[in-house]
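Since this is a predicted model, take the numbers as computed values, not measurements.
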Protein chains: 2
Amino acid sequence: MDKKLLLLGLLRNGSMHGYQLNEFIESTLATCVQIKRPTAYYVLNKMKADGWVHETQQQEGNRPPRHVYGITSAGEAAFQELLRQNLAEYTSAQFSGDVGLAFLDELPAVEGLALLQKRRDALQAHLTATQSIPPHPGSLQLTIEHQIRHLTAELIWLDEVMAQISLDSGV
Amino acid sequence: MDKKLLLLGLLRNGSMHGYQLNEFIESTLATCVQIKRPTAYYVLNKMKADGWVHETQQQEGNRPPRHVYGITSAGEAAFQELLRQNLAEYTSAQFSGDVGLAFLDELPAVEGLALLQKRRDALQAHLTATQSIPPHPGSLQLTIEHQIRHLTAELIWLDEVMAQISLDSGV
DNA sequence: ACTTGATTAGTCAATTTTGACTAATCAAGT
DNA sequence: ACTTGATTAGTCAAAATTGACTAATCAAGT
């Protein structure tokens, strides 16, 4: 559902062809939704079948024809509906990294610490990258700030976990 | 990959049949991984094909036969590998709720606030539920603490967002 | 003019995921 | 003894997702 909302929202300020949409998502929205190229095309076609978007072929030179998608009035109505639904509900995030943590005590403390240090480096790099995203207009900026807030908290927490392991193992 | 790690980790302390595994995951681990019943069976069969787990049929009365899964030594090796991999990497969480936030400015402030208040209620309920999970043994407890830490931060952040909207719209 | 590598655009087969269903057993009220 | 509803266990078809591929255009060095 969130993928439909995202695509509709982007189409609201102008028709776009598939590649543009994917470009935009990958470059500026990868922070909040995970949507690969083939998935975007799949969802667009689905919404076309539902009459939420319309598609026009556009020939340019003799490249393969481009599929330009635009939002219909039914699509606009769906956007309004999906937006309200999304805002009103809380969807919990999944932390797949927690699976490893759940079994951390199967490993010698020293090894666990070394592995978590690598995780910490990756997390730090991710945070730095997010902090250097240039400001976005309007409430899009909220999502970036949310991400930074979250990553900062994760870093603090990871440091605490590592400190605790150090203490417990008496290093 | 995280699903395989999770299932292998559970099988390490004793063979289980499919339903038991799902039961355990849904009741105590839904916090970190999202894995529905049919998916668990799918992954178990996959790992059986790879020789990571073995399956024995167990007839009991004339119920449908139960498939009891146990970990093999190849599975144990895979577990060791996957655990180290998981611990060493950082996998960013997806916040699908951010998609709605990105388009928050399409709505009148008052309506946005009302919707976010519902989200806040749901979040608060989720936090309370998580806080009342009884303590788990070993490092499993880490995942619960992580979740609580995260949900608490989310609540604070949401409050800040709502306060900011109130200010901006001059309520 | 021509190879090489990047960019643009999209497709397809294979994998992964899940909602909805089936079917047996058990508990317990009548 | 017998319906009713919960619990246990698993399957299956349909939907969603993605890695790997194709294929044209463009840039730019030689």
Side-chain angles (χ1 to χ4, degrees), chain A residues 1-8 10-11 15-30 32-50 52-53 55-70 82 91-94 96 99, chain B residues 1-8 10-11 15-30 32-50 52-53 55-70 82 91-94 96 99:
Chain A
M1 283 294 109
D2 45 331
K3 305 190 183 186
K4 292 185 180 180
L5 176 58
L6 175 63
L7 290 173
L8 288 176
L10 293 180
L11 288 177
S15 297
M16 299 171 95
H17 51 92
Y19 203 80
Q20 273 178 303
L21 284 167
N22 285 298
E23 201 60 3
F24 191 79
I25 293 171
E26 269 159 38
S27 68
T28 65
L29 281 162
C32 56
V33 230
Q34 154 74 322
I35 178 170
K36 299 289 160 58
R37 226 127 39 81
T39 307
Y41 284 111
Y42 173 80
V43 175
L44 284 171
N45 277 315
K46 193 97 200 310
M47 294 198 296
K48 191 178 82 171
D50 291 346
W52 293 5
V53 302
E55 181 192 335
T56 35
Q57 302 266 325
Q58 203 180 67
Q59 196 76 37
E60 199 175 306
N62 55 351
R63 292 191 187 193
R66 292 209 291 203
H67 301 213
V68 180
Y69 297 92
L82 289 175
T91 312
S92 74
Q94 303 290 320
S96 68
V99 183
Chain B
M1 282 296 109
D2 44 331
K3 304 189 183 188
K4 291 184 181 181
L5 176 59
L6 176 61
L7 290 173
L8 288 176
L10 292 180
L11 288 178
S15 298
M16 300 171 96
H17 51 92
Y19 203 80
Q20 273 178 305
L21 285 168
N22 285 298
E23 201 60 4
F24 191 79
I25 292 170
E26 269 159 39
S27 68
T28 64
L29 281 162
C32 55
V33 229
Q34 154 75 321
I35 178 171
K36 298 291 160 57
R37 225 127 40 80
T39 308
Y41 284 112
Y42 172 81
V43 175
L44 284 170
N45 277 314
K46 191 99 201 309
M47 293 199 295
K48 192 177 83 172
D50 291 345
W52 293 6
V53 303
E55 182 192 335
T56 34
Q57 301 267 325
Q58 203 178 67
Q59 197 76 36
E60 198 175 305
N62 55 350
R63 291 193 188 192
R66 292 208 292 202
H67 302 212
V68 180
Y69 298 91
L82 289 176
T91 312
S92 75
Q94 303 291 319
S96 69
V99 183

- Kindly compute the distance separating CG (A/Leu82) from CG (A/Asp2), expressed to the nearest 0.5 Å. 9.5 Å
- Message: Distance check needed: C/dG10 P versus A/Met16 CE, whole Å only.
- Response: 12 Å
- Query: What's the CE-P distance between A/Met1 and C/dT18, to the nearest Å?
  - Reply: 15 Å
- Query: C/dT11 P sits how many Å from A/His17 NE2, rounded?
  - Reply: 13 Å
- Neighbours of DNA chain D within residues 34-44 of chain B, by heavy-atom distance under 4.0 Å: B/Arg37, B/Pro38, B/Tyr41
- Message: Set out, in order, the CA-CA distance, both residues' side-chain angles and the distance that settles side-chain contact (heavy atoms from CB on, under 4.5 Å) for B/Leu7 and B/Leu44, then state yes or no.
- Response: CA-CA 8 Å; B/Leu7 290 173; B/Leu44 284 170; 4.2 Å; yes
- B/Leu6 CG to C/dT16 C1', in whole Å, measures 16 Å
- Separation of atom CG in B/Leu7 from atom C1' in C/dT17, rounded to whole Å: 14 Å
- Task: Keeping to residues at least two apart or across chains, list the side-chain hydrogen bond (donor to acceptor under 3.5 Å, both in side chains) pairs with something in residues 34-46 of chain B.
- Result: none
- Query: Sequence neighbours excluded, which residues qualify as side-chain hydrogen bond (donor to acceptor under 3.5 Å, both in side chains) partners of B/Gln20?
  - Reply: B/His17
- Note on the structure: The residue, B/Glu23 or B/Asn45, whose nearest nucleotide of DNA chain D is more 5′ is B/Glu23
- Task: Find the distance between OH (A/Tyr69) and CG (A/Leu21) and round it off to the nearest 0.5 Å.
- Result: 9.0 Å
- Query: Are any of B/Lys46's side-chain N or O atoms less than 4.0 Å away from OP1 or OP2 of C/dT16?
  - Reply: yes
- Phosphate-side-chain proximity, A/His67 and C/dT11, N/O vs OP1/OP2 below 4.0 Å: yes
- Query: Does the side chain of B/Ile35 come within less than 4.5 Å of B/Leu29's, by heavy atoms?
  - Reply: no
- Message: Nearest whole Å is fine: how far is C/dG10 P from A/Lys48 NZ?
- Response: 12 Å
- Item | Straight-line distance of B/Glu23 CD to B/Met16 CE, nearest 0.5 Å | 9.5 Å
- Query: Just how far, in rounded Å, is C1' of D/dT17 from NZ of B/Lys3?
  - Reply: 12 Å
- Dot-bracket for DNA chain D: what is it, with Watson-Crick or G-U pairs under 3.5 Å, [ ] where a pair crosses earlier ones, and | for a pair to another strand? ||||||||||||||||||||||||||||||
- Query: Rounded to the nearest 0.5 Å, what separation is found between the NZ atom of B/Lys4 and the CH2 atom of B/Trp52?
  - Reply: 5.0 Å
- Looking at residues at least two apart in the chain, or sitting in another chain, which of them share a salt bridge (Lys or Arg N to Asp or Glu O under 4.0 Å) with A/Glu26? none
- Task: In whole angstrom, give the distance that lies between atom CD of B/Glu26 and atom C1' of D/dG10.
- Result: 13 Å
